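What follows is a single structure, written as structure tokens, with notes after it.
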Number of protein chains: 2
Amino acid sequence: MPVRDRLPAGRTHVPSAGGSRPPGGPSDRHHEILDAALELFATVGYGGTTMAQIGDRLGIRGPSLYKHIASKQELLVEIVTGMMTELLRRQQAALARGGDVSERLQRITAVHVQYHAEQRYEAFVGHREIDSLEEPHRTHILDLRREYESRFRELVQEGRELDVFRTASDRWSSYAILDMGIGVSAWYNPSGSVSPEQLADTYAELALRMLGAERDSANTREG
Amino acid sequence: MPVRDRLPAGRTHVPSAGGSRPPGGPSDRHHEILDAALELFATVGYGGTTMAQIGDRLGIRGPSLYKHIASKQELLVEIVTGMMTELLRRQQAALARGGDVSERLQRITAVHVQYHAEQRYEAFVGHREIDSLEEPHRTHILDLRREYESRFRELVQEGRELDVFRTASDRWSSYAILDMGIGVSAWYNPSGSVSPEQLADTYAELALRMLGAERDSANTREG
DNA sequence: AGGTATGGCTAATACTCATTAGCCATACAG
DNA sequence: CTGTATGGCTAATGAGTATTAGCCATACCT
């Protein structure tokens, strides 16, 4: 039973300073919401996050979010799609630079690991919450992921056929590389002293060793 | 508004054949529930699993489960505790067999991977649903996990100090090994033609290579 | 035969949440 | 000034779901 009847209610519309905003793109508010959602999804999970919590981060109520977004699910779709798209983009850029098989594998591994450190929240959510996606988004993301993974497998295969890599199974080796990189998003601490680049280089070297394509530069001590 | 009023209601108590059961241990029914819950937690998640679904697997209704278990949370605690305990047990057994640093590392890696393939549901749930545990269970499990992980790190360190391993960071290398094994629980398919043992051996070899302790037996083709 | 424990069932309880409805103050355009 | 769009708010709504209450048939023990 409501106690107060229709008192002038709390904070109302107080638009931010820069009045005119380009009409097309996602507003500032949209981005703020996405950021808040990302951090919450990563730390307490999609199911564990409530709209009220997201609102809290911006100092507004849960229902007010719907003035800017369509649904909670939309937020997840944007996050996960953005993550997979960016990952594929970076991977393609890494491959486009050419080089021999070892170099290319070294590079896509480094890119993989660097992303999982740098954008650890996106990466973590992108892997963990795939099953929270409703169809057809889930299937779409899984397709992109398969494509991403297959690049690793193909490269391992190419290297093995050229006798550059020695590996018992292209598939297992590529999964191992992928999974060790994914793991980074679960433990990497950005306030530590180690940069995503350092970590990426070290992991890439580990990957090459795993594939029996050992080089010699992998012996610096931890920073 | 209920349509039927008090008709003799469906299936009632039909105890299974072997009447007398030892009074102490968890009943058959308890185990069946645990198994059903495990599969569901692994495939649709703890939050995504309803008591009604678990009941369905045994042909009974959701509320009837409470004649055998205390709560949904209890099921998760049993699963995750069992998983971590078993993992530690096997790790200790592997270490107890002694041998040089490479042998011991090879063995705890193989054990790690084999478990994650063999008991992939337990393993998957044990990692993914830790945050679904209520305190103090969550903290307890995290403590056990830290202990488990530290065994890897200590062994890597020992090997490095003996110049048996060459690695840029004990911590990163051990995380890489752990994470690639954990990943197995997400993709391993028990109906495929590859045994957990084969996979474990291959992965253990990958780990040794990563650590720069290459041996020579790692070159069999995929089965 | 009678009594009791067991393990089903349905219905109710008590929450938690995403989302919608409807209200209103402010800012800004004309 | 005045009108309108914006972006807050509170209060429903409605669905989902763990858990409890209370009922009852069966099986088994004496």
Side-chain angles (χ1 to χ4, degrees), chain A residues 1-23 26-33 37 40-41 44-77 132 134, chain B residues 1-23 26-33 37 40-41 44-77 132 134:
Chain A
M1 203 172 305
V3 174
R4 302 178 282 169
D5 54 333
R6 221 39 62 98
L7 286 184
R11 263 345 80 233
T12 51
H13 179 212
V14 182
S16 56
S20 64
R21 167 198 340 122
S27 68
D28 265 5
R29 220 49 174 159
H30 188 97
H31 257 108
E32 288 177 63
I33 293 173
L40 285 163
F41 291 172
V44 303
Y46 178 75
T49 299
T50 69
M51 297 307 279
Q53 285 175 302
I54 299 176
D56 267 354
R57 299 290 180 110
L58 318 202
I60 66 178
R61 305 293 184 163
S64 302
L65 295 168
Y66 290 88
K67 289 289 158 86
H68 307 279
I69 62 157
S71 67
K72 188 184 176 186
Q73 173 75 197
E74 178 203 72
L75 292 172
L76 183 62
V77 170
S132 302
E134 294 162 12
Chain B
M1 202 173 305
V3 174
R4 300 179 282 170
D5 55 333
R6 221 40 62 97
L7 286 183
R11 264 346 81 235
T12 52
H13 180 211
V14 181
S16 56
S20 65
R21 168 203 334 127
S27 67
D28 265 6
R29 220 48 174 161
H30 188 96
H31 257 108
E32 288 177 62
I33 293 172
L40 284 164
F41 290 171
V44 301
Y46 178 73
T49 299
T50 69
M51 298 305 280
Q53 285 176 302
I54 300 175
D56 267 355
R57 299 290 179 109
L58 317 204
I60 66 178
R61 304 293 183 165
S64 301
L65 294 168
Y66 291 87
K67 289 289 158 86
H68 306 280
I69 62 158
S71 67
K72 188 184 175 186
Q73 174 74 198
E74 179 202 73
L75 292 172
L76 183 62
V77 170
S132 301
E134 294 162 13

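A, B, ... follow the sequence lines: proteins, then strands. Residue 1 opens every chain. What you see below is based on every heavy atom in this structure, not just the backbone, and it leaves out hydrogens, waters and symmetry mates. All figures in this text were calculated on a predicted structure; none of them were measured in a lab.
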B/His68 vs C/dT6: side-chain N/O to OP1/OP2 distance below 4.0 Å: no

Looking at C/dC17, D/dC9, D/dG7, which one has an atom nearest to any side-chain atom of A/Arg61? D/dC9

To the nearest Å, how far apart are A/Glu74 CD and C/dT19 P? 10 Å

Nucleotide nearest B/Lys72 when distance is taken to its side chain, options C/dA18, D/dA18, C/dT10: D/dA18

Nearest heavy-atom pair of B/His68 and B/His30: which atoms, and what distance? O-ND1, 3.4 Å

Write down the distance between NE2 (A/His30) and C1' (D/dG7), rounded to a whole number of angstrom. 16 Å

Let me know the distance between CD1 of A/Ile60 and P of D/dT6, rounded to the nearest Å. 16 Å

A/Leu76 CG to C/dA18 P, in whole Å, measures 13 Å

Compare side-chain N and O positions of A/Arg29 against OP1 and OP2 of D/dT6 and report whether any pair is under 4.0 Å apart. no

If I compare all heavy atoms of A/Gly55 with all of A/Leu65, which pair ends up nearest, and what's the gap? N-CD1, 3.8 Å

Rounding to an integer number of Å, can you tell me how far A/Lys67 NZ sits from C/dA21 C1'? 10 Å

So, does A/Ser64 get its side chain near the phosphate of D/dG7, meaning an N or O under 4.0 Å from OP1 or OP2? no

Donor-acceptor pair, distance only, cut-off 3.5 Å: does the side chain of A/Glu32 make one with the backbone of A/Leu58? no

note: A/Ile33, atom CD1; D/dG7, atom C1'; distance rounded to Å ~ 11 Å

Value in whole Å for how far the P atom of D/dG16 lies from CD of B/Gln53: 13 Å

A/Pro63 side chain, from C-beta outward: closest of D/dA11, C/dC17, D/dA18: D/dA11

Between A/Leu40, A/Leu76, A/Leu75, which is the residue that forms a side-chain contact (heavy atoms from CB on, under 4.5 Å) with A/Thr49? A/Leu40

Quick one: are A/Ser71 and A/Glu74 in side-chain contact, heavy atoms under 4.5 Å? yes

A/Met51 CE to D/dG7 P, in whole Å, measures 16 Å

